Amino acid sequence: MENTHTSENNIQGRFFDTHAHYNDSAFDGDREEMIESCRAAGMKGAVNCGTDYGTSLECVALAEKHDFLYAAAGIHPEEALKYSPAAIDRIRELLKHPKVVAVGETGLDYYYEDSAPREIQKENFIANITLAKESGKPVIVHDREAHADTLEILKQEKVPEGRAVFHCYSGSAEMAKEIISHGWFFSFGGALTFKNARRAVEAAAAIPLELLMLETDCPYMAPVPLRGQRNTSANIPLVAEKLAEIKGLGVDKIFEATTANALLFFNIK
Ligand code: NI
């Protein structure tokens with residue numbers, strides 16, 4: 001993997017973005033400058049998450065171009081109609097790439113009724129989890145309005161401790177307790193700063209620091225006061241400040257712990 005930016009290794013990042021989509025067309029006009037500016041703002045690294053085979057390939061290409069970018073490969077619940085044994089075989093091949101550090105994003109999304117039937121979403125989710133278990137890589141879980149079934153499948157498939165993260169966690173503090181008991185991780189992004197985020201704030205308060213990570217889901221989910229704008233990893237400090245306030249800790253402690261958790265979770269040396 002050629003490193004095309006000689007200055008990359010000189011920047012000491014403070015935070016790790018565990019869920020980004022820099023392959024998204026929202027970055028077509030200024031992708032490289034944007035990634036560089038996030039580095040300058042303190043981004044130590046980021047994992048770009050695929051949503052199907054094509055976007056997973058795009059994420060791999062970005063990871064090949066920048067030594068601090070990594071990729072996740074998988075099939076998103078809204079893309080579950082693309083699920084087939086052949087599609088899973090192609091994702092399996094991508095998982096052999098040294099910079100593909102996770103399976104995802106995958107999971108269940110019951111918010112958009114017309115995206116894919118629930119039974120197909122479940123079949124796709126289980127197939128993605130199976131890939132994660134086979135490869136020993138963690139799974140990035142997208143759970144929207146599907147809390148009970150998501151938890152049920154993760155338990156049924158016996159996903160090992162530390163091998164799943166609930167991205168943009170939106171469940172209750174009560175459900176968080178069960179996830180904690182399995183040793184699975186949580187990541188929080190801009191939604192934690194929203195005015196109506198009472199539930200997420202309560203959950204974040206109940207989760208031990210050892211299981212917390214930061215994310216953007218960029219270009220989506222920009223934190224307050226930038227809500228509605230295009231999101232980037234440079235906005236992660238706004239989320240970290242909110243988490244610091246919730247936990248009663250300094251923001252440096254949040255950066256330090258969540259970055260260490262991310263490197264451990266993705267097995268990045
Ligand atoms: Ni996402």
Side-chain angles (χ1 to χ4, degrees), residues 15-28 31 34-35 38 43 45-63 69-83 91 94 100-112 115-116 121 124-125 128-129 131-132 137-147 150 154 164-171 184-194 197 200 212-223 226-236 238-239 258 262 265-266:
F15 53 83
F16 195 100
D17 187 347
T18 61
H19 192 117
H21 299 282
Y22 281 111
N23 57 308
D24 193 280
S25 59
F27 297 108
D28 281 354
R31 182 169 292 103
M34 182 51 65
I35 290 170
C38 291
M43 179 182 77
V47 175
N48 286 305
C49 300
T51 52
D52 61 7
Y53 180 69
T55 52
S56 295
L57 265 185
E58 291 170 5
C59 296
V60 171
L62 280 172
L69 294 182
Y70 300 84
I75 305 176
H76 190 286
E78 283 176 57
E79 304 289 347
L81 290 175
K82 294 180 182 168
Y83 161 75
I91 299 287
L94 284 184
V100 177
V101 293
V103 174
E105 58 180 299
T106 188
L108 301 174
D109 193 322
Y110 294 169
Y111 182 77
Y112 294 108
S115 62
Q121 289 193 37
N124 175 59
F125 186 25
N128 277 263
I129 289 172
L131 281 182
K137 291 177 181 178
V139 59
I140 297 169
V141 178
H142 170 109
D143 159 24
R144 191 168 188 196
E145 312 272 325
H147 304 318
T150 301
L154 288 167
V165 60
F166 279 75
H167 116 78
C168 194
Y169 182 67
S170 59
W184 298 324
F185 282 78
F186 303 79
S187 63
F188 286 98
L192 191 64
T193 68
F194 294 174
L212 286 170
M213 300 192 288
L214 299 173
E215 65 161 275
T216 53
D217 206 14
C218 67
Y220 313 106
M221 292 283 177
L226 307 168
R227 189 171 181 179
Q229 296 180 24
R230 183 179 69 164
N231 197 11
T232 78
S233 309
N235 299 330
I236 279 205
L238 292 166
V239 179
T258 55
F265 182 76
F266 293 114

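As the structure is a computational prediction, the values presented were derived from the model and not from experiment. Both counts, for ligands and for their atoms, begin at 1 and track the order of listing.
Of all heavy-atom pairs between Ser187 and Val165, the closest is N-CG2, 3.7 Å.
Taking 2.8 Å as the threshold, Cys168 does not count as a candidate ligand of the Ni ion (ligand 1), since none of its N, O or S atoms lies below it. Residue His19 counts as close to the Ni ion (ligand 1), with an N, O or S atom under 2.8 Å.
Note: His19 and His21 have perpendicular aromatic rings, judged against thresholds of 30 and 60 degrees for the angle between ring planes. The aromatic rings of Phe186 and Tyr169 stand perpendicular to each other, their planes meeting at an angle above 60°, with 30° marking the opposite boundary.
A cation-pi arrangement is present between Arg227 and Phe194 under the rule of less than 6.0 angstrom and at most 45 degrees off the ring axis.
The N, O or S atom of Asp217 lying closest to the Ni ion (ligand 1) is OD1. Atom OE2 is the N/O/S atom of Glu105 found closest to the Ni ion (ligand 1).
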